[in-house]
Amino acid sequence: MKFSTRAIHVGYDNAGHNRSVMPPLYQTSVFAYDHVGEAMPYVYARSGNPTRSALEDCLASLEEARYGLAFSSGMAAIDAVLRACLKPGDEVVALADLYGGAYRLLTQVMEPAGIKVRFVDLSNPHQLESAITPATRLLWLESPTNPLLGLVDITALSAIAHRHSVKVAVDNTFATPYLQRPLALGADIVVHSATKYLGGHSDVLLGLVAVSDDKLYQDIRFVQNAAGAVPGPQDCFLTLRGIKTLALRMDRHCDNAERVADFLSRHAAVAKVFYPGLPAHPDHELAKRQMKRYGGIISIKLRDDSREAANRFAQRLQLFALAESLGGVESLVNHSYTMSHGSMPAQRKAELGIVEGGLRLSIGIEDIEDILADLEQALRE
Ligand SMILES: *Cc1c(COP(=O)(O)O)cnc(C)c1O
């Protein structure tokens with residue numbers, strides 16, 4: 001079956017569910033045994049729930065993985081993978097230009113627990129070679145990155161990591177499996193904040209992991225059950241419902257973002273547009289190879305590089321709410337400096353190029369004419 005068909009059908013079989021077309025919400029914490037010692041598929045909702053299984057199996061299929069695992073948030077998913085793969089004394093190499101929450105988890109939770117983190121600019125894959133030591137166990141990647149939409153070559157980096165027996169994890173939140181499948185490119189682990197495009201309607205917080213390796217699955221599954229950061233059935237249901245329209249939504253997000261990137265890159269009030277679909281983007285050729293299309297997120301730097309100018313623009317926008325997060329059907333604008341990357345030290349933001357006059361736009365699926373008109377009026381002198 002093709003992608004859109006799997007998004008709608010895999011993970012759930014209506015037989016045994018009163019032929020209910022949608023997966024029922026198993027709003028229960030516990031399942032009853034017939035007799036002592038019975039082998040049961042579901043026992044207690046922390047270890048498993050049929051609504052959650054439907055979502056986990058669907059995600060596995062979309063990522064071309066053997067196993068899926070669901071968590072109560074994207075951060076809980078990242079945390080579970082890190083705990084499953086690392087013990088005190090181990091090292092992780094992480095992409096320098098990382099999501100703020102992942103950066104905070106690595107530096108303020110993992111490092112104090114005895115794990116060494118090396119942040120490396122991996123735009124040239126060969127820079128990985130010198131960062132790996134005999135203690136390195138994991139490579140942590142994100143592509144495209146938040147907020148500046150840089151790409152890394154997942155295939156080349158995975159090949160180098162594997163030569164050193166280092167596992168590779170990719171945060172695929174921005175691309176979604178519709179646009180990019182990291183396991184097929186050579187990675188071992190995919191993580192998602194399903195809060196974003198997979199859920200797609202800004203109404204659920206959820207994290208997902210996909211793997212094919214049995215040992216990795218067992219280890220992450222152990223943390224999932226032992227630490228217990230699992231989603232409830234309602235959140236699994238909402239995420240599954242979102243996934244059914246993922247292909248449709250992503251194509252519209254991409255159509256709209258391509259038009260917006262083109263419009264903004266020709267606007268006098270905009271100094272720079274970061275979008276991998278633009279031929280001028282430094283990773284445009286890599287994006288063409290690695291992704292089906294270029295996604296719905298665009299970052300811009302205003303010509304007036306001040307917080308006041310960023311604020312004026314954000315406040316003038318009518319359709320775009322000034323908010324954290326991304327990937328919902330509605331357009332959003334985010335001031336990365338104070339919002340998504342607020343927890344990152346100023347020095348680090350300066351190194352990465354996250355500036356006061358920078359804004360990240362999550363382009364929704366509204367009519368493109370309305371989106372362009374809103375941006376036009378907000379940028380007017
Ligand atoms: C939002 C986000 C996360 C964190 O996910 P939550 O669901 O908010 O916990 C992780 N990675 C990326 C790239 C994100 O955008």
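- Considering only residues two or more places apart in sequence or on other chains, N334 meets the side chain to side chain donor-acceptor pair (under 3.5 Å) condition with S336, S340.
- Counting Ile, Leu, Val, Met, Phe, Trp and Tyr side chains that sit under 4.5 Å apart, directly or through other members, M22 shares a hydrophobic cluster with L25, F237.
- Applying the salt bridge (Lys or Arg N to Asp or Glu O under 4.0 Å) rule to D213 yields no partners; only residues at least two apart in sequence or on another chain are considered.
- A donor atom on one side chain and an acceptor atom on the other are found under 3.5 Å apart for Y67 and D214.
- Between the side chains of T338 and H335, at least one donor N or O lies within less than 3.5 Å of an accepting N or O.
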Could you list the donor-acceptor pairs under 3.5 angstrom formed between side-chain atoms of residues 72-83 and any protein atom two or more places apart in sequence or on another chain?
| unit_1 | atom_1 | unit_2 | atom_2 | d |
| --- | --- | --- | --- | --- |
| S72 | OG | A229 | O | 3.4 |
| S73 | OG | M75 | N | 3.4 |
| S73 | OG | A76 | N | 3.0 |
| D79 | OD1 | R83 | NE | 3.4 |
| D79 | OD2 | R83 | NE | 2.7 |
| D79 | OD2 | R83 | NH2 | 3.2 |

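- Contact detail for M250 and A175: the closest heavy-atom pair is CE-O, 4.1 Å.
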List, one per line, each side-chain donor-acceptor pair under 3.5 Å for residues 1-10, sequence neighbours excluded.
| unit_1 | atom_1 | unit_2 | atom_2 | d |
| --- | --- | --- | --- | --- |
| R6 | NE | M1 | O | 2.9 |
| R6 | NH1 | S61 | O | 2.7 |

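- The salt bridge (Lys or Arg N to Asp or Glu O under 4.0 Å) contacts involving residues 305-323 comprise R307-E356, where partners must be two or more places apart or lie in separate chains.
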Listing, residues 42-50 side-chain donor-acceptor contacts under 3.5 Å, not counting sequence neighbours, or none:
| unit_1 | atom_1 | unit_2 | atom_2 | d |
| --- | --- | --- | --- | --- |
| Y42 | OH | S53 | OG | 2.7 |
| R46 | NH1 | N225 | O | 3.0 |
| R46 | NH1 | N225 | OD1 | 3.4 |
| S47 | OG | Y44 | O | 3.4 |
| S47 | OG | N225 | OD1 | 3.4 |
| N49 | OD1 | T51 | N | 2.8 |
| N49 | OD1 | T51 | OG1 | 3.3 |
| N49 | OD1 | R52 | N | 3.4 |
| N49 | ND2 | Y26 | O | 2.9 |

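- Under the 3.5 Å distance criterion, with hydrogens and angles disregarded, a donor-acceptor pair is assigned to the side chains of H164 and E129.
- As a member of the Ile/Leu/Val/Met/Phe/Trp/Tyr network built from side-chain separations under 4.5 Å, L183 groups with V190.
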Residues 105-112 side chain polar contacts: donor-acceptor under 3.5 Å, at least two apart:
| unit_1 | atom_1 | unit_2 | atom_2 | d |
| --- | --- | --- | --- | --- |
| T107 | OG1 | Y103 | O | 2.7 |
| E111 | OE2 | V117 | N | 3.3 |

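- Formation of a donor-acceptor pair under 3.5 Å by the Q127 side chain with backbone atoms of N124 is found in this model.
- Checked against the 6.0 Å centroid threshold, Y294 and H281 do not count as a close aromatic pair.
- In terms of the side chain to side chain donor-acceptor pair (under 3.5 Å) criterion, residue partners of S123 (sequence neighbours excluded) are, by chain and number, D121.
- Between the side chain of H284 and the backbone N or O of P276 there is at least one donor-acceptor pair closer than 3.5 Å.
- Here H267 pairs with nothing under the side chain to side chain donor-acceptor pair (under 3.5 Å) rule; sequence neighbours left out.
- One side chain, N146 or R360, offers a donor N or O that lies under 3.5 Å from an acceptor on the other.
- Partners of Q27 by side chain to side chain donor-acceptor pair (under 3.5 Å), not counting sequence neighbours: none found.
- Side-chain atoms of Q224 and E56 include a donor-acceptor pair closer than 3.5 Å.
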